[in-house]
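The block underneath contains the structure these notes are about, expressed in structure tokens.
Only a predicted model underlies this, so the values are computations on that prediction, with no experimental measurement involved. Chain letters run A, B, ... following the sequence lines, proteins first, then strands; residues in each count from 1.
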2 protein chains.
Amino acid sequence: EEHIISGITLSRNEAKLTLAQVPDKPGIAAAVCQPIADAGVQVDMIVQSASADGKTTDMTLSVPRGDLKRAVEALRKVKDFEKLEIKTAEDIAKLSLAGIGVRNNPKVPATMFKTLSEIGVNIHAISTSEVRISVLIDEASGEKAAQALHKVFIGE
Amino acid sequence: EEHIISGITLSRNEAKLTLAQVPDKPGIAAAVCQPIADAGVQVDMIVQSASADGKTTDMTLSVPRGDLKRAVEALRKVKDFEKLEIKTAEDIAKLSLAGIGVRNNPKVPATMFKTLSEIGVNIHAISTSEVRISVLIDEASGEKAAQALHKVFIGE
Ligand SMILES: C[C@@H](O)[C@H](N)C(=O)O
Ligand SMILES: C[C@@H](O)[C@H](N)C(=O)O
């Protein structure tokens with residue numbers, strides 16, 4: 001096989017916050033991430049899709065569930081961000097598929113996403129690197145999602 | 001220092017495609033990624049922020065520049081995707097900061113984004129993992145962006 005899946009990890013106790021329609025211009029990503037860092041909140045995923053309208057885009061951050069409130073408060077203190085639309089969800093888990101050559105095997109993410117859809121698990125956010133695909137899903141689905149991926153990719 | 005930045009990589013010759021407002025329901029991510037995989041196109045970044053409106057969200061993929069056309073054609077062939085709004089850009093580079101403990105140091109992404117904003121480089125997309133932060137930027141800014149990060153994080 002050209003890819004080796006080395007592990008499936010389920011990280012519970014996550015929360016997500018999504019900043020809706022931030023201006024897509026230099027300085028915004030820094031303005032979002034600095035106050036959260038200054039508040040001492042760990043940030044696991046930072047996910048930003050490219051702008052579709054050429055003016056704004058959304059950003060999603062995942063943080064430990066216990067830090068969600070503090071992260072939102074830190075953002076609200078930023079001048080210009082008082083009216084920022086921030087959507088949050090607390091019952092979130094991060095599910096990751098780690099392996100060598102994941103990038104060179106585009107069928108791997110396709111199969112991962114298909115497997116989750118077949119058991120009705122919605123993928124809230126996606127972030128990939130050369131050796132890992134991570135998704136945010138509802139924590140309530142975490143166990144069955146991890147088991148389904150295990151069956152498909154590790155085979156037991 | 002609590003973090004060790006092990007490298008800064010600039011990957012030129014990238015292209016991005018953004019699918020605007022896909023339905024945020026199970027099966028969509030698979031329906032996007034499967035045809036592209038079947039067309040033999042390598043997919044480097046898959047980035048999806050969580051839905052802000054609860055119904056739709058955007059997805060951004062980065063592919064080798066030479067494969068952009070083939071990726072778009074593969075998507076257009078999918079039933080239901082003929083009218084899908086797909087924004088593309090060809091003059092894209094991926095800039096990555098790799099290090100140990102990047103996640104546990106939220107100041108690292110904040111500083112990376114700030115450094116880019118200070119030289120006027122717009123961040124089109126962001127994807128993070130435990131040990132790497134990757135952004136998509138205009139290829140024309142790639143060299144100066146990499147040098148700026150090098151100066152700040154590696155110090156020369
Ligand atoms: C949206 C945000 O990433 C913006 N493009 C920036 O460069 O900071
Ligand atoms: C948008 C897409 O990721 C969708 N939520 C899915 O699960 O496939």
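Looking at V121(A), the atoms closer than 4.5 Å to chain B (heavy atoms on both sides) all sit in the backbone: N, CA, C or O. Looking at I123(A), both its backbone and its side chain come within 4.5 Å of chain B, counting heavy atoms on both sides. With a threshold of 4.5 angstrom between heavy atoms, E118(A) does not approach chain B through any atom at all. Residue contact with chain B, scored on non-hydrogen atoms closer than 4.5 Å, involves the backbone and the side chain of I46(A) alike. In this structure, the portion of E85(B) lying under 4.5 Å from any heavy atom of chain A is its side chain and not its backbone. Of the atoms belonging to V41(A), it is backbone heavy atoms, and not side-chain ones, that fall under 4.5 Å from chain B.
Cluster annotation: I92(A) is not connected to I137(A) through the hydrophobic network of ILVMFWY side chains, with a link wherever side-chain heavy atoms come within less than 4.5 Å. Using a 4.5 Å cut-off between side-chain heavy atoms of Ile, Leu, Val, Met, Phe, Trp and Tyr, with links allowed through other members, V63(B) and F113(A) fall into the same hydrophobic cluster. Hydrophobic clustering (ILVMFWY, side-chain heavy atoms < 4.5 Å, transitive): I86(B) and M59(B) are in one cluster. M45(A) and L149(A) fall into different hydrophobic clusters, where Ile, Leu, Val, Met, Phe, Trp and Tyr side chains are chained together by heavy-atom contacts under 4.5 Å. No path of Ile, Leu, Val, Met, Phe, Trp and Tyr side chains, each step under 4.5 Å between heavy atoms, connects L136(B) with I133(B), placing them in separate hydrophobic clusters.
No other option in A20(A), S117(A), P26(A) has as many heavy-atom pairs under 4.5 Å with chain B as P26(A). Interface remark: of the candidates V43(A), V131(A), T115(A), V43(A) forms the most heavy-atom pairs closer than 4.5 Å to chain B. With chain B as the partner, the residue from K107(A), K114(A), M112(A) showing the most heavy-atom pairs under 4.5 Å is K107(A). Put simply, of P106(B), P35(B), S96(B), G27(B), the one with the most heavy-atom pairs under 4.5 Å next to chain A is P106(B).
With values rounded to the nearest 0.5 angstrom, T111(A) atom OG1 is found 5.5 Å from Q34(B) atom CD. Atom-to-atom distance recorded for R132(B):CZ and T128(A):OG1 is 11.0 Å, nearest 0.5 angstrom.
Side-chain atoms of H124(B) and Q48(A), non-hydrogen and from C-beta on, never get closer than 4.5 Å to each other. Two residues are said to be in side-chain contact when any heavy atoms from C-beta on lie closer than 4.5 Å; D58(B) and D58(A) fail this criterion. Side chains of D44(B) and E130(A) form a contact here, defined as non-hydrogen atoms less than 4.5 Å apart. Using a 4.5 Å heavy-atom threshold, the side chains of V47(B) and I126(A) count as separate.
For K144(A), the NZ atom sits in a packed shell: over 12 heavy atoms of surrounding residues, nucleotides or ligands are nearer than 6.0 Å.
Judged by distance alone, the side chain of T18(A) and the main-chain N or O of A52(B) form no donor-acceptor pair under 3.5 Å. Between the S49(A) side chain and the S49(B) main chain, no donor and acceptor come within less than 3.5 Å of each other.
Nearest heavy atoms, T60(A) versus A50(B): OG1-N, 2.8 Å. A110(B) and A30(A) get closest at one heavy-atom pair: O-CB, 4.0 Å.
For the residue pair S127(A) / S127(B), a side-chain donor-acceptor distance below 3.5 Å is found, with atom types taken as modelled.
Under a 4.0 Å N-O distance rule, the pair K87(B)/D53(A) does not qualify as a salt bridge.
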